[in-house]
Structure formats: structure tokens, C-alpha cells
Amino acid sequence: DAKTTQPPSMDCAEGRAANLPCNHSTISGNEYVYWYRQIHSQGPQYIIHGLKNNETNEMASLIITEDRKSSTLILPHATLRDTAVYYCIVRVHSGGGADGLTFGKGTHLIIQP
Amino acid sequence: DAGITQSPRHKVTETGTPVTLRCHQTENHRYMYWYRQDPGHGLRLIHYSYGVKDTDKGEVSDGYSVSRSKTEDFLLTLESATSSQTSVYFCAIRVGAGDEAFFGQGTRLTVV
């Protein structure tokens with residue numbers, strides 16, 4: 001799996017968009033970008049994933065640059081409940097394989113009231 | 001929550017005693033995982049399963065064994081607990097064709 005780099009922490013005001021960057025300059029053509037988050041004391045939660053097109057779901061949007069070397073997770077209207085550690089993970093789809101996810105240190109996003 | 005539950009949620013045990021943690025799922029998913037999470041190390045994979053009686057080791061498997069005799073249950077056993085195994089343990093299931101995983105709420109294990 002390609003290595004990812006995320007800022008250790010970020011602040012965002014409640015109600016504003018939170019933009020979390022991830023650098024994955026060594027990503028290969030068949031690797032996907034996944035985002036998870038972990039709210040304090042809870043298990044990680046899947047947010048979104050993408051290959052090269054931008055993706056949006058009910059939780060967030062994922063913007064992947066054209067060269068795929070970086071991506072941004074966008075929480076459009078951050079709430080206090082979005083305070084969590086956000087993990088960017090790059091990996092080939094497991095397909096028939098079963099190996100687990102490799103979590104780095106992530107970004108601790110703090111939503112300020 | 002993808003129907004995944006862990007038990008117990010909290011446990012305190014003495015060094016040298018055996019401990020079994022249970023992960024139960026209700027949706028018949030093939031792949032199940034056990035992770036541990038420690039300050040400074042993040043989440044690390046202990047063991048995983050890709051079907052009944054099919055398991056394999058992860059990054060930090062020493063001191064742990066697993067069993068999966070039924071699709072819905074994945075058991076993690078510490079044969080002889082040590083203080084270094086004090087941790088929060090998370091079970092996960094993989095859903096779909098990609099790597100979307102749902103995690104349980106965790107088991108906080110303290111070995112004294």
C-alpha cells in the first residue's frame with residue numbers, strides 16, 4: 001500500500017466546511033483512496049473511497065487531484081460531532097484477498113463551537 | 001452498524017490467565033478481523049479470517065490465537081495474558097467487494 005501523509009491536527013469552526021488533505025504521491029494506478037474516522041473511544045467508521053473520480057455521499061465528498069497524488073476529504077457543514085481522528089488509507093482493492101487495513105496516525109480534526 | 005457486536009466490552013484479568021474475546025456478526029460476511037489499538041501505535045492487525053476455519057496472522061499475532069467455527073463468530077484468545085496485552089481490541093467485518101469495513105465498539109482489556 002502506498003504511504004500517505006496527513007497533518008497531525010486541524011481546527012475548523014462549527015458550520016464551516018472542513019477540508020482534510022492527504023498526500024499520496026507514490027500511489028499506483030490500481031490503488032484506491034479510503035477515508036475512515038474514529039470518534040473518541042469508538043471503533044473506526046468508514047466514510048468514503050474513490051479511485052480517480054470525485055465522490056460524494058451523505059457524509060462527505062472526496063476530491064482526488066488529476067495526477068492522483070493527493071486528495072481532500074470535505075465535510076461540508078462540520079458539527080461538533082465531527083471531532084475525530086481522520087485516516088486516509090491508500091490500497092489496492094482486496095478483491096479475493098483478505099488482508100486488513102493499515103492505519104497511520106491520521107489527522108485529529110477539532111471542530112470549534 | 002452492520003450487526004457487529006463485541007463481548008465483553010470491558011474486562012480486567014490477571015497476568016497468566018486465559019482470556020477469550022468474542023466478535024459476533026449477524027449479516028453472514030466472509031471476512032472478519034481483530035485489531036488492537038494502543039497509544040503511539042494506532043490500530044494494528046492481529047489476525048483475520050476469510051471463512052469458517054480459515055484464518056491467518058496479522059502484524060502483531062504473537063501471544064494470540066483465533067478461531068472461527070461458525071460464520072457469525074470470530075474468537076480471539078490470549079492463552080496466557082500479559083501486561084503488554086492491555087489494550088483496546090476492535091473487531092471488524094469487511095462488506096462489499098472493496099475495503100469498506102465496519103468496526104465493533106471495542107473491548108477494553110486490562111491485564112494486571
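Basis for what follows: all heavy atoms, side chains included, without hydrogens, waters or symmetry-related copies. Protein chains get the first letters and strands the later ones, always in sequence-line order, with residue 1 at the start of each.
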Membership question, hydrophobic clusters at under 4.5 Å side-chain separation (ILVMFWY): are [Y] and [X] in the same one?
X	Y	result
B:Val60	B:Leu21	yes
B:Leu75	B:Tyr31	no
A:Ile74	A:Val85	no
A:Trp35	A:Met10	yes
B:Val52	B:Met32	no

Which heavy-atom pair separates B:Leu43 from A:Pro44 by the least distance, and what is that distance?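 So the two residues come closest at CD1-CG, 3.4 Å.
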
In Å and rounded to the nearest 0.5 Å, what is the [atom1] to [atom2] distance from [X] to [Y]?
X	Y	atom1	atom2	answer
A:Thr102	B:Leu45	OG1	CG	8.0 Å
A:Ile48	B:Glu100	CD1	CD	10.0 Å
B:Phe103	A:Gln42	CZ	CD	13.0 Å
B:Gln105	A:Ser41	CD	OG	10.0 Å

When you measure from the side chain of A:Tyr36 to the backbone N and O of B:Ala101, does any donor-acceptor pair fall under 3.5 Å? yes

For residues 34-42 of chain B, give me every residue with a non-hydrogen atom less than 4.5 Å from any non-hydrogen atom of chain A. B:Tyr35, B:Gln37, B:Gly40

Verify the neighbour count for atom CZ of B:Arg44: are there more than 12 heavy atoms of other residues, nucleotides or ligands below 6.0 Å? yes

